[in-house]
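So that the names make sense, note that chain A is the first sequence line, chain B the second, and so on, each numbered from 1. Since the structure is predicted, the reported quantities are computational estimates derived from the model, not experimental observations.
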Protein chains: 2
Amino acid sequence: MGNAYNVMAATCPSRTVLHRIGARWTVFIVNALDNRPMRFTQLKAHIRGITSKALTETLRAMEYDGLISRTETPANPPHVEYALTDLGRSLLTPLRAVREWAESHVPDIERARAQADAQR
Amino acid sequence: MGNAYNVMAATCPSRTVLHRIGARWTVFIVNALDNRPMRFTQLKAHIRGITSKALTETLRAMEYDGLISRTETPANPPHVEYALTDLGRSLLTPLRAVREWAESHVPDIERARAQADAQR
DNA sequence: CGGGACGGTATAGATTTTATACCAGTATCT
DNA sequence: AGATACTGGTATAAAATCTATACCGTCCCG
């Protein structure tokens, strides 16, 4: 019982989905919201190096896709919380694995690069 | 015993790694080489919509990072085979999960988008 | 009144991706 | 012999995306 979608097909909707979840900052936001909701400035501080614009745009796209919820509490200073939805939480499993792979294979990659550099 | 790397730090080497494995076409190539080596034109035909340039550059970067091997067999017409290395195969597990998530959650995402569109 | 926190926008420049064409070497067809 | 096709790519320019930097309005605190 495979499903009908195949990312290898240029026009398959799953490719759009893969493109979205593979976007530059999505993996960071999903991992950041892992176990707690976060506010805009918290996210910006936590994901070092992201600009407000990139954060805003990625959050908007993820909200549109139903991966996160945006909750505005009327108060001042303004209080806006972002949290993973159930759908977003289901994405956490694979994306956490990707993050963990990156963090645990740095030495392997550096070794491969050094070896490739030495070869020439 | 966590490791010393953290992708949330702007200058952590793991971020460079994450950036590389999150690059546009890496997930496609890793999944395509899943169970068999493939030649350039096979890959290009299998991953519908990729251009020669994107394929060449992604393959070169992945080879540099030690994720794939490139084997040129002296024959004509030219015969060049790309295959996952052990390191690349270890990346297959998380990236296959990402691909599968994309393929299996298309209806959820489409539903969320339709609902967001309806709301305005 | 001055200054800061919050949740962002605006604008322009840099980088990356895509589209389109083209190439050299060999083999095969006519 | 000449035309054609397949392989594994390059070259070039245009289009899309990402980053850097500055700035905003509202409110509160002192």
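Side chain of A:T58 to backbone of A:A54: a donor-acceptor contact under 3.5 angstrom is found.
Legend: residues meeting salt bridge (Lys or Arg N to Asp or Glu O under 4.0 Å) with B:R48, ordered by chain and number and at least two apart, are absent. A search for side chain to side chain donor-acceptor pair (under 3.5 Å) contacts involving B:N31 returns nothing, not counting sequence neighbours.
Among residue pairs with one or both ends in residues 101-120 of chain B, those qualifying as ring pair (Phe, Tyr, Trp, His ring centres under 6.0 Å) are B:W101-B:H105; sequence neighbours excluded. Evaluation of the salt bridge (charged side-chain N to carboxylate O under 4.0 Å, His left out) test over residues 23-33 of chain B, restricted to residues two or more places apart or in two chains, returns none. Each ring pair (Phe, Tyr, Trp, His ring centres under 6.0 Å) pair with one or both residues in residues 5-37 of chain B, not counting sequence neighbours, appears once here: B:W25-B:F28. Legend: salt bridge (charged side-chain N to carboxylate O under 4.0 Å, His left out) pairs involving residues 61-82 of chain A, not counting sequence neighbours, sorted by first then second residue: A:R20-A:D65, A:D65-B:R113, A:R70-A:E72. Here ring pair (Phe, Tyr, Trp, His ring centres under 6.0 Å) pairs that include residues 50-69 of chain A, with residues two or more places apart or in two chains, number zero. Sorted pairs that involve residues 34-54 of chain A and meet ring pair (Phe, Tyr, Trp, His ring centres under 6.0 Å), not counting sequence neighbours, are lacking altogether.
Using a 4.0 Å cut-off on heavy atoms, the residues of residues 15-44 of chain A that approach DNA chain C are A:R39, A:F40, A:T41, listed by number. Within residues 52-62 of chain A, the residues having any heavy atom under 4.0 Å from DNA chain C are, by residue number, A:S52, A:K53, A:T56, A:R60.
Chain B approaches DNA chain D within less than 4.0 angstrom (heavy atoms of the protein), and the contacting nucleotides run 5' to 3' from D:dT7 to D:dA13. For DNA chain C, the contact window with chain A, defined by any atom under 4.0 Å from a protein heavy atom, covers C:dC6 to C:dA12 in 5' to 3' order.
B:S52 OG to B:L43 CG: the interatomic distance, rounded to the nearest 0.5 Å, is 11.5 Å.
Remark: of the listed residues A:L91, A:L87, A:D86, A:T85, A:D86 is the sole one forming a side-chain contact (heavy atoms from CB on, under 4.5 Å) with A:R89.
For CD of B:Q42, the number of neighbouring non-hydrogen atoms (other residues, nucleotides, ligands) closer than 6.0 Å is greater than 12.
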